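Quick note: numbers below take in every heavy atom, side chains included, and nothing from hydrogens, waters or symmetry partners. Keep in mind the model is a prediction, meaning the values are calculated, not measured. Naming convention: chains lettered A, B, ... in sequence-line order (proteins, then strands); numbering from 1 in each chain.
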Amino acid sequence: MPFISQIHRQADYNFFPSSTPIVVDNGASYFRVGWAGETDPRVIFRNIVQRPRHKATGETVTIVGDHDPALLKYFDCTRSGPRSAFDSNVVYQFEIMEYVLDFAFDRLGANGSQIDHPILMTECVCNPVHSRSKMAELLFETYGVPSVAFGVDAAFSYKYNQQHGVCGKDGLAVCPGFTTTHVIPFIDGEPIYKGCCRTNIGGFHVTDYLKQLLSLKYPHHLNRLTWEKVEDLKMEHCYIAPNYASEARLFQKGTKEAEEKTRCWQLDWTPPPVEEPPSEEEIARKAAIKERQGQRLREMAEAKRSSRINELENELRGLEFLLQQLDQVTEDEIPSFLKETGYVSRQEIESSVTKIMQSLRKAKGEPKSEQFEVEEKTDSSTNEKYPLVNIPDNMLTPEQLKEKRRQLFLKTTSDGRQRAKQKRYEEELERERKNQLDEAKRLENPELYLEQMHVKYKEMSEKVEQRKRLKINGNHSNGNGVSGGVGRGERLNTAQRERMRLLTTAAFDRGKGEDTFGAKDEDWQLYKLMSKDNDDDDEGPDEDEAELARIVSRLQEIDPAFVPKQEVGSSQPASEIPQIRPLTKEDFQILLGVERFRCPEILFHPNLVGIDQAGLDEMAGVSIRRLPFNDDTLVERLTSSILLTGGSCLYPGMAERLEAGVRMIRPCGSPIKVVRALDPVYDAWRGASNYAATFQFPHQTFSRMDYYEKGEDWLREYKFRYTL
Amino acid sequence: MEPEVVKSEMVLPTHLSFKRIQMYEKYPKGQSRGRHWKHLKQILQAENFQSYPLDEPNYVNIESPPSIHPCKRICDITGYEAPYYDPRTKLRYASADIFKLVRSLPNEYVQRYLALRNAAVVLK
């Protein structure tokens, strides 16, 4: 866990005399508070405030620091995220600051009417007086603090390490923090702010960069990449490369070393349940159900049919009975007799009888054999049927002539039908014969036959495809013809395109010289070409295609492994079709390769994230140059005691890289020593705690009276000595 | 409030005995919303640092100068060294494979990659 909160309420607040100072390390990321003289802060929490709405009661509450995420479910945090009192490294939002201080003193155990202890609080280097005075005002007015002192965290850290012999009294403190990075030179144990320099980059930017990179790389896992989680990843995996370019090249080449350096964060993922193929029983059961359903449908159809047959038979019987009765009725009485039945004449009844008989036959499923017979009969008796056809015209009356024409027409159509039937029959025979031939061949040598069929299929399909392509693209198919552009021309076939061309030339090719159109007869042929009837688009499946279809069906019959090729239109390469594949474990992995050293690299090259300022190593040089005195021995003393402190110096490889960087800007052979603080995170508080415990500390503080008497200008100048 | 929430004491009490002025007195309900705090930029402007002596360190003049080293060019996508630059998307890239990826990126992603190094087109 990166965010360690320590927020138990302390019980011993009242045991401390009012002279014991309270020490506050007010960092942009963490707030630490405790008693002067102790080695560790009592209360630690993230310096953030949330003001969510309590879901049950609807009231807005204040939550300071990090809490168990499980408890946050009772609050509606959608309106406001966590907020900080800091803008860069300066406190500007004193309402939030007040909530933070409330929480801090509350957890420290304060329960009197005011905070009756001096306070030592950290602030940034050269804090603007506005922020400083507002803070003092808040402490004096709201909490009744008797006296206050402000100091710089990096300086406290340096002093603490100096006391422990880690660094000398002359040296450089390099402090990459949460929002900013400082380099402060120390001479005789006192910080020289004149030589100080600040770059606005820090751990916040590193985490943000990592978060952005990962969410761009893994957009599907966006909601897993919370700020807290990414901060966690940063602390666990990030390191500083000794040389960015060569390290990146390792990864680019995909060497084994790079592979080993790649870390993987496996998101929790449960494989989808594997669908087991249905067992034999299952299949049988399903088949049985299907069969039963089919049976029921068949039974229903059967019942319907029989009821219809019944109905029709009844009707028929009724009509026959009616006809019989009609036989006994005299001619005159027929109309009156039929009045009740709804029929008008005997013929009508008879025609309906035949209709019913036909539908009855149909319902019973009998073949229309009689009709065929009738037709057969007509063949033999053509002459009887069309008696007038063979008689010359001049022997006939006008009516008979008309009749003859009708008969002629009827005869030719029926002849045509007969011929078509004959042809069909012959084709059938031919196909049968071919199939038999094929079959014989196959039986003779199955393998050879199969091979031949395949070859034939290939040839035919190519031929057909070629034809289709030609039809679509015209003769000048140039490479990209099949893949197809999207222009209008690509959608038309050759003939249509030609027609379009003619139309456009006819429409726009005017006024150039003399119009000689129509002088020659061939000119008029143009209109024939243009007319729409000219389209021979739907000529139907031609012979080749029919043959191809036959081969395909034949192959499917004899070769179980045969799969006919796709249609021409969908013959694009399979890779272009987005394939839906089942998600695997690898899809739920977040890989950290180059990111591991790319993100902290911004501390050395703020340019990478668009901040146009010097990086850590250059800052050391800038800081030395800014010092008012140019003394080589002093500079050597400074560079031989470079202290790294602050939360963002925890990356492995930081000290080595900084040393190499400083070596680059210093003359050859200069002594350079980079050391890391004993505890880069807590040393600032510890240094402040030690400082506040000394008996001279009260002289460095200022009281409420001082503040109001001396005014803002004095506060601007306010600076205390770190060496007591 | 739920018992576990009360037990964890995560909610800051509205009344604290050690305060002289309580939160609800200082920022009465309804008025607090209109309250504006000067941002750092405004603070620095109001401070009017230009009028101070140059040799006195202050928040503005302790800032680092721009780097004197040439800007490191790394591939926006992969982080490798980037010898190439795509004039259409303005992204830097390391190799032909990444160029393919760069060209297939939707504009939104291109802008987000550019925003990483503060080079995105900002519409105002």
Side-chain angles (χ1 to χ4, degrees), chain A residues 54 56-57 61-64 67-68 71 74 87-88 90 92-95 98-99 102-103 105-106 110-115 125-131 141-144 193-194 196-199 209 212 216 245 248-249 251-252 594-595 598 605 607-610 612-615 618-619 622, chain B residues 1-2 4-5 8-14 16-23 26-27 29 32 35 37-44 46-47 49 52 55-69 71-72 74-75 77-81 94-95 109 112-113 115-119:
Chain A
H54 186 243
T57 57
V61 298
T62 310
I63 295 175
V64 181
H67 288 272
D68 187 1
L71 289 176
Y74 298 114
D87 188 355
S88 189
V90 175
Y92 82 104
Q93 232 287 23
F94 285 89
E95 190 181 342
E98 190 170 341
Y99 284 124
D102 279 356
F103 184 73
F105 292 135
D106 180 47
N111 50 13
S113 62
Q114 57 185 12
I115 305 292
V125 183
C126 299
N127 196 12
V129 73
H130 172 88
S131 172
E141 297 290 322
T142 308
Y143 298 99
Y193 293 131
K194 240 178 153 60
C196 165
C197 81
R198 183 191 71 234
T199 293
Y209 195 38
Q212 296 287 347
L216 278 164
R249 229 169 287 135
F251 278 84
Q252 193 168 9
V594 182
E595 289 85 356
R598 180 184 179 179
H605 292 104
N607 269 323
L608 296 182
V609 286
D612 192 21
Q613 283 189 302
E618 261 189 285
M619 282 170 77
V622 169
Chain B
M1 296 246 175
E2 292 77 8
E4 57 260 49
V5 174
S8 72
E9 290 187 293
M10 62 195 286
V11 173
L12 196 69
T14 47
L16 291 162
S17 68
F18 54 79
K19 290 182 79 174
R20 287 187 174 176
I21 309 162
Q22 297 297 333
M23 225 39 183
K26 213 185 222 178
Y27 308 109
K29 248 190 181 166
S32 61
R35 198 174 174 89
W37 296 96
K38 276 186 188 171
H39 285 268
L40 181 58
K41 252 189 186 167
Q42 294 165 304
I43 291 173
L44 295 180
E47 209 91 334
F49 283 118
Y52 294 142
D55 54 342
E56 277 297 306
N58 60 45
Y59 190 83
V60 175
N61 68 13
I62 63 167
E63 204 149 335
S64 313
S67 173
I68 52 164
H69 294 310
C71 181
K72 214 184 191 73
I74 64 166
C75 172
I77 318 286
T78 58
Y80 306 145
E81 277 181 297
S95 65
Y109 276 69
R112 280 173 67 190
Y113 272 116
L116 280 182
R117 56 178 165 95
N118 216 357

As an exercise: rank [options] by heavy-atom pairs under 4.5 Å with chain B and give me the winner.
options                               : result
A/Gly615, A/Ser88, A/Ala614           : A/Ala614
A/Asn111, A/Thr57, A/Val609           : A/Val609
A/His605, A/Gln212, A/Glu595          : A/His605
A/Val64, A/Val125, A/Asn127, A/Leu608 : A/Leu608
A/Asp106, A/Asp102, A/Ile63           : A/Asp102

Is there a side-chain contact between [X] and [Y] in this structure, where contact means two heavy atoms from C-beta onward sitting under 4.5 Å apart?
X        : Y       : result
A/Tyr99  : B/Met23 : yes
A/Ser131 : B/Tyr59 : no
A/Val90  : B/Leu44 : no
A/Asn607 : B/Lys72 : no

Is it the case that the side chain of [X] and the backbone of [Y] share a donor-acceptor pair, with hydrogens and angles ignored and the cut-off at 3.5 Å?
X        : Y        : value
A/Glu618 : B/Ile68  : yes
A/Thr142 : B/Lys19  : no
A/Ser113 : B/Phe18  : no
B/Glu47  : A/Val129 : yes

Determine the option with the most heavy-atom pairs under 4.5 angstrom with chain A, choosing from [options].
options                            : value
B/Val11, B/Ile77, B/Thr14          : B/Val11
B/Ala94, B/Pro13, B/Ser64          : B/Ser64
B/Met10, B/Gln22, B/His39, B/Lys38 : B/Met10

Return the minimal non-hydrogen interatomic distance between [X] and [Y], and the atom names on each side.
X       : Y        : answer
B/Ser67 : A/Asp612 : N-OD1, 4.4 Å
B/Leu40 : A/Asp87  : N-OD2, 2.9 Å
B/Ile21 : A/Glu98  : O-OE2, 4.2 Å

**Message:** Looking only at side-chain N and O atoms, does B/Glu2 offer a donor or acceptor that is under 3.5 Å from a partner on A/His54?
**Reply:**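 Yes.
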**Request:** Could you please spell out the steps behind the side chain to side chain contact (heavy atoms under 4.5 Å, CB included) verdict for B/Ile62 and A/Tyr193?
**Result:** CA-CA 8 Å; B/Ile62 63 167; A/Tyr193 293 131; 5.7 Å; no
**Message:** Looking at B/Arg20 and A/Glu141, is any side-chain nitrogen of the basic one under 4.0 Å from a carboxylate oxygen of the acidic one?
**Reply:**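 Looking at B/Arg20 together with A/Glu141, the answer is no, because their closest N to O distance does not fall below 4.0 Å.
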Tell me, for [X] versus chain B, whether the close heavy atoms (under 4.5 Å) come from the side chain, the backbone, both or neither.
X        : value
A/Gln252 : both
A/His130 : both
A/Ala56  : side chain
A/Val622 : side chain

Can you say whether [X] sits under 4.5 Å from chain A via the side chain, the backbone, both, or neither, judging by heavy atoms?
X        : result
B/Asn61  : backbone
B/Gln42  : neither
B/Leu116 : both
B/Thr78  : backbone

